[in-house]
Amino acid sequence: MKKLDKERVLLAVAAPVLALAAAFVVTALVLLATGKEPFNAFGIMFDYGVKADSQVYILNKATTYYLAGLAVAIGFRMNLFNIGVDGQYRLAAFFAAVVGGALELPGLVQIPLILLVAMLVGAMWASIAGLLKVYRGVSEVISTIMLNSLSGILISYLLVDGRLADLDKQTNIVATDPLPSSSHFFTFPAGGDLDPIWGFIVVAALAGVGFWFLLGRTRFGFDLRAVGRSESAAQASGVNVKRMVLTSMVLSGAMAGLIGMPTLLNDTHQFTSDFPTGIGFTGIAIALLGRNNPVGIALAAVLWGFLERGANRLEFEGYDKEIVGVMQGVIVLCVVIAYELVRRYGLKRQQQRVGAELAAQARADKGTDKQEVPA
């Protein structure tokens, strides 16, 4: 039994390790092709990434990336591709900022209310794709991509001076009303002149624990994973597949609603037209690299933050900043290939073990039959 567990751990680690190794090799070849020295570039990224201010930056970035990875992973665990996480979190952050800016309550009430609004908006927007899939058979990939565009259009319509936003004539920036000080989330001082670490990292960690417990230690999580493996088998065992699909999309949207909260509550304290975009798509790559596991997703989120931080330094050292984008894209591609190779190898090993056990059992049965034959 212990041997089997070790092999599973090795297979689980092998895929991301192979993907990262292949990505660095491909990136090195790209750098060489452009006349750049790859090991110097990697050294610059590493030296800059371990500095104190870089570590703060990476942790803050990883907080949002981690929540995005969890939101995507909820759908992935039952073979649902929630491509609309980006639209869900931006729409959720917008309405949370509007509600938070319109109220001025004690922090113990104001902050939970903002979080609740964000999660409800994200869940409601994601539920549209869930309902379309359950009752009309519309692919969630198509519907969520379209909903991304619709959310952007809706935000653009409402984020206008005189509607749900105001124009700052000095900066010419349109934004929602600033959140009152009671809505500002706590931070962890990093010392010296360094920026603080966002306190929302605690909420992200709790979300990871909740993800692990819900999907790995409850009947609901078992049913969700069962539907992901085989809808027909799950339905035959009494699982309501339609309800599970809709519930999974709602939970994924609710988690997506939290993605913008670190930025809103710990940084900008209002929603503007330049609110971060693309984090939902980054979450797809992070969930894939982390194998939909909360610990793996955390490591992948930190890696993504490290790569982005390194990109800023490479630009000042004469390297093309886009090289990190190439590296990230190659990582995603290598992850898909590596996981498939590891999956096939694991399946082959499992078939070999089953065959060996059946052969051993057959030999044992044959020996027993010989002993029972009278002399």
Check your understanding: Tell me, do Thr144 and Phe81 make a side-chain contact under 4.5 Å, heavy atoms counted?
Key -> no

Practice item. Find out whether Asn82 and Glu140 are in side-chain contact, i.e. whether some heavy atom of one side chain is under 4.5 Å from a heavy atom of the other. Key: no

Check your understanding: Any donor-acceptor pair under 3.5 Å linking the side chain of Thr272 with the backbone of Ala175?
Key -> no

Review point. Please walk me through it: do Thr34 and Asp320 pass side-chain contact (heavy atoms from CB on, under 4.5 Å)?
Key: CA-CA 10 Å; Thr34 58; Asp320 295 327; 5.6 Å; no

Check your understanding: Are side-chain heavy atoms of Phe200 and Thr263 found at a separation under 4.5 Å?
Key -> no

Check your understanding: CD1 of Ile114 to OG of Ser183: how many Å apart, nearest 0.5 Å?
Key -> 3.5 Å

**Study point:** Neighbour count >12 (heavy atoms, 6.0 Å) for atom CZ, Phe188
**Key:** yes

**Study point:** Donor on one side chain, acceptor on other, Glu308 and Tyr65, under 3.5 Å
**Key:** yes

Check your understanding: If you draw the axis of the six-membered ring of Phe275, does the NZ or CZ of Arg90 fall within 45° of it and under 6.0 Å from the ring centre?
Key -> no

Practice item. Say whether, by atom type as modelled, one donor and one acceptor occur between the side chain of Thr27 and the main chain of Ala23 under 3.5 angstrom. Key: yes

Practice item. Find out whether Leu20 and Leu303 are in side-chain contact, i.e. whether some heavy atom of one side chain is under 4.5 Å from a heavy atom of the other. Key: yes

Study note, to complete from the structure: Rounded to the nearest 0.5 angstrom, the CG-CG distance for Leu164 and Leu159 is 8.5 Å

Practice item. Verify side-chain contact (heavy atoms from CB on, under 4.5 Å) between Met255 and Leu67, making sure each step is shown before the conclusion. Key: CA-CA 7 Å; Met255 184 68 74; Leu67 292 169; 4.3 Å; yes

**Study point:** Verdict with reasoning, Ile201 to Tyr66, per side-chain contact (heavy atoms from CB on, under 4.5 Å)
**Key:** CA-CA 9 Å; Ile201 194 173; Tyr66 182 63; over 6 Å; no

Check your understanding: Quick one: does Trp125's side chain get under 4.5 Å of Ile128's, heavy atoms only?
Key -> yes

Check your understanding: Is a side-chain N or O of Asp166 found less than 3.5 angstrom from the main chain of Asp161, in a donor-acceptor match?
Key -> no

Point to revise | Minimum heavy-atom distance between Pro180 and Gly100, given as atom pair plus value | key: CD-O, 3.3 Å

Review point. Between Asn40 and Tyr319, do the side chains contain an N or O donor and an N or O acceptor separated by less than 3.5 Å?
Key: yes

**Study point:** Side chain proximity check, Val72 to Ser252, heavy atoms < 4.5 angstrom
**Key:** no

Check your understanding: Distance-only, no hydrogens or angles: does the Thr247 side chain make a donor-acceptor pair with backbone N or O of Met244 under 3.5 Å?
Key -> no

Point to revise | Side chain proximity check, Phe211 to Arg77, heavy atoms < 4.5 angstrom | key: yes

Review point. With a 4.5 Å limit on heavy-atom distance, are the side chains of Ile337 and Leu341 in contact?
Key: yes

Review point. Does any N or O in the side chain of Asn60 come within less than 3.5 Å of the main-chain N or O of Trp198, such that one atom is a donor and the other an acceptor?
Key: yes

Exercise for review: Flag yes if more than 12 heavy atoms outside Leu108 fall under 6.0 Å of its CG atom; otherwise flag no.
Suggested key: no

Exercise for review: Check the pair Leu103 / Val109 against side-chain contact (heavy atoms from CB on, under 4.5 Å), numbers first and verdict last.
Suggested key: CA-CA 10 Å; Leu103 301 175; Val109 178; over 6 Å; no

Check your understanding: Would you say the side-chain atoms of Asn79 pair up with the backbone N or O of Gly228, donor to acceptor, closer than 3.5 Å?
Key -> yes

Exercise for review: Determine yes or no for a side-chain-to-main-chain donor-acceptor pair under 3.5 angstrom, with Asn148 supplying the side chain and Ile83 the backbone.
Suggested key: yes

Check your understanding: Any donor and acceptor pair, going by atom type alone, linking the side chain of Gln270 with main-chain N or O of Thr176 inside 3.5 Å?
Key -> yes

